[in-house]
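Notes to accompany the following structure.
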Amino acid sequence: MALLTFELPDGTTRRVDVVQVLNAGYAGRSQEDVAAHVAELAELGVPAPSVIPALYPVAPYLAQHTDQVSVQHGRTSGEAEWALVVDADGDVLLTAACDHTDRDLEVHGVAWSKNAGPDVLARQAWRLADVQERLDDLTLRAWVSHAGRETAIQDGTLAELLTPGYWVEVLRERGDLRPGTVLISGTIPMAGGVDQFADRWRVELGDPATGAVIELAYDVVPMAEPIG
């Protein structure tokens, strides 16, 4: 398991012992956006899913607060996402997340690739109930850096994705709406012509109504070459 701690806007904290992580995929509301994401992945050799939306179980220890992700090669990348987190009291939190994925492994199996890197979560969160009335207006953005130069790669709103309420109902029907569950939303399209294989990722979940922002960022660090 993983132990995560989230700070809420009122300064209180919620500790979460993660017992399961589920990563949604191909979860856009627009079929055009879903088709665009399928096409993005097809360019990397990833076959189309058999079911849309998809849901991939991920090892609980891969849900992390971290400023650094170690990788074995240069073809890994993140994805701007939001996450639902069920805390110890059964309250549902909303935060920013970045699903760091091994793109070389993805061509052999999406579920495998999701388990080859962490789901990085921000250290701040909002109660889902507190932003429920304006969820579609929340912004989701990502930037990548190459040699210190930052470029925007994703820019959208939660209106582009299946709603948190949709996934709450899926979790409830599965019997998974319980403390320690983390669900990652799936992502929005990436900008064309931007190199996703970056040495730093930054993701921001914003609330235009209040100006509040939840942000995470991490460096992508190559591991040493294997011996043997």
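Numbers here are sequence positions counted from 1.
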For D89 and D91, indicate whether the former's side chain and the latter's backbone hold a donor-acceptor pair under 3.5 Å. no
W126 side chain near L205 side chain, heavy-atom distance below 4.5 Å: yes
Under 3.5 Å: donor-acceptor pair, side chain of E81, backbone of G186: yes
Please write out which residues are connected to W143 in a hydrophobic cluster, directly or through intermediates, given that two of Ile, Leu, Val, Met, Phe, Trp, Tyr count as joined at side-chain heavy-atom separations below 4.5 angstrom. none
T157 side chain to D137 main-chain N or O, any donor-acceptor pair under 3.5 Å? no
Looking only at heavy atoms, the pair that brings G90 and P179 closest together is N-CG, 4.2 Å
Side-chain contact test, heavy atoms from C-beta onward, threshold under 4.5 Å: evaluate it for D99 versus T187 and give yes or no. no
At their closest point, which heavy atom of A122 faces which heavy atom of F6, and how far apart are they? O-CE2, 3.2 Å
ILVMFWY network linking W112 to V58, side-chain heavy atoms under 4.5 angstrom: no
Under the 3.5 angstrom rule, does the side chain of E106 hit a backbone N or O of S113 as a donor-acceptor pair? no
So, H65 side chain and T5 main chain: donor-acceptor pair closer than 3.5 Å or not? yes
Check K114 with E79, please: is the shortest side-chain N to carboxylate O separation under 4.0 Å? yes
How about Q20 and R178: do any of their side-chain heavy atoms sit closer than 4.5 Å? yes
Taking the side chain as C-beta and beyond, is there a heavy-atom pair between D207 and V131 under 4.5 Å? yes
Check the surroundings of atom CD in Q72: do more than 12 heavy atoms from other residues, nucleotides or ligands lie under 6.0 Å from it? no
Taking all atoms of both residues into account, what is the closest heavy-atom pair of D176 and R174, and its distance? OD2-NE, 2.8 Å
Identify the two heavy atoms, one from P57 and one from L22, that lie closest to each other, and give their separation to 0.1 Å. CA-CD2, 3.9 Å
Heavy-atom side-chain contact between L8 and D130 under 4.5 Å: no
Residue pair W82 / L138, side-chain heavy-atom distance below 4.5 Å: no
Donor-acceptor check, side chain of D219 to backbone of V221, threshold 3.5 angstrom: yes or no? no
Under 3.5 Å, is there a donor-acceptor pair between the side chain of D102 and the main chain of G117? no
T101 side chain to R103 backbone, donor-acceptor under 3.5 Å: no
Hey, quick one: are V92 and L183 part of the same hydrophobic cluster, counting side-chain heavy atoms closer than 4.5 Å, chains of contacts allowed? yes
Report the C-alpha distance between D67 and R123 in whole Å, list the side-chain angles of each, state the deciding distance to 0.1 Å, and finish with yes or no for salt bridge (Lys or Arg N to Asp or Glu O under 4.0 Å). CA-CA 11 Å; D67 301 319; R123 291 175 169 85; 3.4 Å; yes
Mind checking whether V203 and L158 sit in one hydrophobic cluster, side chains of I, L, V, M, F, W, Y counted as touching below 4.5 Å? yes
Taking every heavy atom of Y166 against every heavy atom of P53, the minimum-distance pair comes out as OH-CG, 3.7 Å
Kindly indicate whether the side chain of V168, heavy atoms from C-beta on, has any atom under 4.5 Å from the side chain of L128. yes
Heavy-atom pair with the smallest gap, counting every atom of R141 and A80: O-CB, 4.1 Å
With a 3.5 Å distance limit and no angle check, can you tell me whether R29 reaches the backbone of A159 through a side-chain donor-acceptor pair? yes
Expected output: side-chain H146 to main-chain D195 donor-acceptor under 3.5 Å: yes
Using a 4.5 Å cut-off on heavy atoms from C-beta on, say whether the side chain of R127 contacts that of L93. yes
